[in-house]
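Reviewing the structure listed below.
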Amino acid sequence: MLDQKLVRNELEFVAERQRIRNVEIDQTRLSELETQRKAAQKRSEDLQATRNSRSKAIGQAKGKGEDVQPLLDEVAQLGGQLKEAETELNSVQEELSSIMLSMPNLAHESVPPGKDEEDNIEVRKVGEPRAYDFDVKDHIDLGERNAALDFETASKITGSRFAIMHGEMAQLHRALVQFMLDTHTLEHGYTEVNVPHIVNRDSLKGTGQLPKFEEDLFKLVAGEDVSDKAKQEANKDYYLIPTAEVPVTNIVRDSISSSDELPIKLTCHSVCFRSEAGSYGRDTRGLIRQHQFEKVEMVQIVTPDQSWQALEDMTSHAENILKKLDLPYRVVILCGGDIGFSAAKTYDIEVWLPGQDAYREISSVSNCTDFQARRMQARFRSEASGKPELVHTLNGSGLAVGRTLIAVLENYQQADGSVAVPDVLVPYMRGKQTILTS
RNA sequence: GGAGAGUUGGCAGAGUGGUCGAAUGCGGCAGUCUUGAAAACUGUUGACGGGUUAAACCGUCCGGGGGUUCGAAUCCCUCACUCUCCGCCA
């Protein structure tokens, strides 16, 4: 959520900045609502002040044993007026807050304008795609051996966009997870956490998935009645996490850290669940786009002055995994039209996939500045002012495990259809140097 | 699943209808003392919104939502969570 004061006082500036994302702000409606809000709030607060002072007078009069009936008559019609004023205020504030909750973060000055991924700008390219003296296969073909990747059986068990990894494939997948976690904890200074894969509405609201992107999520229906209104008000609705960013970042929701606790650097392996609504027909084959996939996530909670450096650091941490795996990749900065809702700036890392003859996203690293922090009320006590201030939150994949698996398979494939194990993974594979040999 | 007890400021913890945003302690901050530090002592210290050059001032907040009342941390309803005991269970 943006700072209401900023939207109120610098509406033109905010609208201009949102145009970088191709988002149009209804300035007229917003300033209208703001005027109404001010008037309604004033009226309601004045009435409350009257009520408070009158009630206090009644208390005092009673204490002295005086007759309070005249005072009671005086406030007789106050209740109705107050209720009316509050109803009006509530309705204005509800509309305002729904607009505010649906408004994306302000893009950083360095974010280029643009419509979609075509307009993203390459920052650097690292490693050269290998030359192969045989016809390259994609990961689906490579995984056919020993049914190492089995999509048919998965669709029988569940449905489309699920996969079974079998034998060496499952082992390699697990090796990648261990390797990534070890690298982040031992070399990059992160602490490993393990978190719930089911979260409530408040958490999803905190990181920005709700209220706007409900259709991307899997919502759980418990055995009992979930339409219970009281339970919904208690935010008891449960959802499967679309990314570990949600539970991990929400660790600091509604809390005030002391400044020496920052930065908080956490890494987390989790399963992620996405409904992929709206992506029918895209990447329907293979592991690229699944309803369920695994990811190692990095999250940092930092003071505002550190967040832009942290974004660069986190990007390099994700890149380091690819470097160690010796996979060719490039880093792009997302343009305004492609950047996520909560992010002020995002770097995508795209790995080279010989089977697709293309670079494909394998990590996305974002600085969400104070956008999520404001929704979550995640604060730290500033040493300078002694007052609570909003933290900055960042998250990034380090990396998407399934896609990394694809990249290893396709980049390390050999003429006979087997796949060499990258050196750094050999210890995690119990010394095995080649898989899918027959 | 059953029974009971709880949820209060950064933390701990009082407070059962009327100057209670809330005692007290810890922590934090400032000062006294000290070469310096510690200890001791003194003072100060909630968040959010509105308002002001700055203050003053006004409003809201005692787990969430609703209700009773002129007035609610305090009474009622409801939901969530925590703890203890019983049952079940990986």
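Just so we're clear, the structure is a prediction, and the values are computed from it rather than from any experiment.
Within the shown strands, B:C86 is the pairing partner of B:G1 under the Watson-Crick or G-U definition, both distances less than 3.5 Å. Under the Watson-Crick or G-U wobble criterion, with both distances below 3.5 Å, B:C81 is paired with B:G6. Remark: B:C29 base-pairs with B:G43; criterion is Watson-Crick or G-U wobble with both hydrogen-bond distances under 3.5 Å. The pairing partner recorded for B:C75 is B:G67, the criterion being a Watson-Crick or G-U wobble arrangement whose two distances lie under 3.5 angstrom.
Salt bridge A:Glu86/A:Lys83: absent, no basic N to carboxylate O contact under 4.0 Å. A salt bridge does not link A:Glu389 to A:Arg379: none of the charged nitrogens lies less than 4.0 Å from a carboxylate oxygen. Under a 4.0 Å N-O distance rule, the pair A:Glu84/A:Arg43 qualifies as a salt bridge.
Rounding to whole angstrom units, CD1 of residue A:Ile256 and C1' of B:G9 are separated by 10 Å. A:Asn9 has its CG atom 13 Å from the P atom of B:G49, to the nearest Å. As a whole-Å value, the separation of A:Tyr238 OH from B:C79 C1' is 12 Å. Spacing between atom CD of A:Glu86 and atom C1' of B:C61 amounts to 14 Å, rounded to whole angstrom units. Across the protein-nucleic acid pair, A:Gln60 atom CD and B:U19 atom P stand 10 Å apart, rounded to whole Å. The CZ atom of A:Arg253 sits 12 Å away from the C1' atom of B:G64 (whole-angstrom rounding). With rounding to whole Å, A:Gln48 atom CD is found 17 Å from B:G49 atom P. Remark: P of B:G10 and CG of A:Asp260 are 17 Å apart, rounded to the nearest angstrom.
Residue contacts for A:Asn52: at a heavy-atom cut-off of 4.0 Å it reaches the sugar-phosphate backbone alone, with no base atom in range. Contacts of A:Arg379 with the nucleic acid, taken as non-hydrogen atoms under 4.0 Å apart, involve only primed sugar atoms and P, OP1 or OP2. Residue A:Lys42 is out of contact with every strand shown, counting any heavy-atom pair closer than 4.0 Å.
Only the P atoms considered, B:U42 is 13 Å distant from B:U24, to the nearest whole Å. Rounded to whole Å, the separation between the P atoms of B:G63 and B:U16 comes to 15 Å. B:G17 and B:C11 have their P atoms separated by 28 Å, with the value rounded to a whole Å. The separation of B:G31 from B:A12, taken at their C1' atoms, amounts to 26 Å, rounded to a whole angstrom. Spacing between B:G27 and B:C81 at atom P, rounded to whole Å, works out to 35 Å. Separation of the C1' atoms belonging to B:A72 and B:G15 is 13 Å when rounded to the nearest angstrom. The same atom, C1', is picked in B:G6 and in B:A73; the two are 15 Å apart, to the nearest Å. For the P atoms, the distance linking B:G64 with B:U7 amounts to 13 Å, nearest Å.
The minimum heavy-atom distance linking A:Ala343 with A:Arg21 is given by the pair O-NH1, 3.2 Å.
Residue A:Gln377 places none of its side-chain N or O atoms closer than 4.0 Å to OP1 or OP2 of B:C48. In terms of phosphate contacts, A:Arg8 brings a side-chain nitrogen or oxygen within less than 4.0 Å of OP1 or OP2 of B:G50. For A:Arg51 and B:U60, the shortest distance from a side-chain N or O to OP1 or OP2 is below 4.0 Å. Considering only side-chain N and O atoms, A:Lys38 lies under 4.0 angstrom from the phosphate OP1 or OP2 of B:G51. At B:G71, none of the side-chain N or O atoms of A:Lys56 fall inside 4.0 Å of OP1 or OP2 (strictly under the cut-off).
Between A:Gly59 and A:Ala49, the one whose closest nucleotide on RNA chain B sits nearer the 5' end is A:Gly59. In this structure, A:Leu78 and A:Gln41 both approach RNA chain B, and ranking their closest nucleotides by distance from the 5' end singles out A:Gln41.
The environment of NE2 in A:His166 is sparse: at most 12 heavy-atom neighbours from other residues, nucleotides or ligands sit within 6.0 Å.
A:Ser397 places a side-chain heavy atom less than 4.5 Å from the side chain of A:Glu297. Looking at A:Leu353 and A:Ile288, their side chains come closer than 4.5 Å, going by heavy atoms from C-beta outward.
The A:Arg381 side chain lies nearest to B:A47 when the options are B:G18, B:A47, B:C58. Listed nucleotides B:C70, B:G67, B:G10 differ in distance to A:Val75; the shortest reach to its side chain belongs to B:C70.
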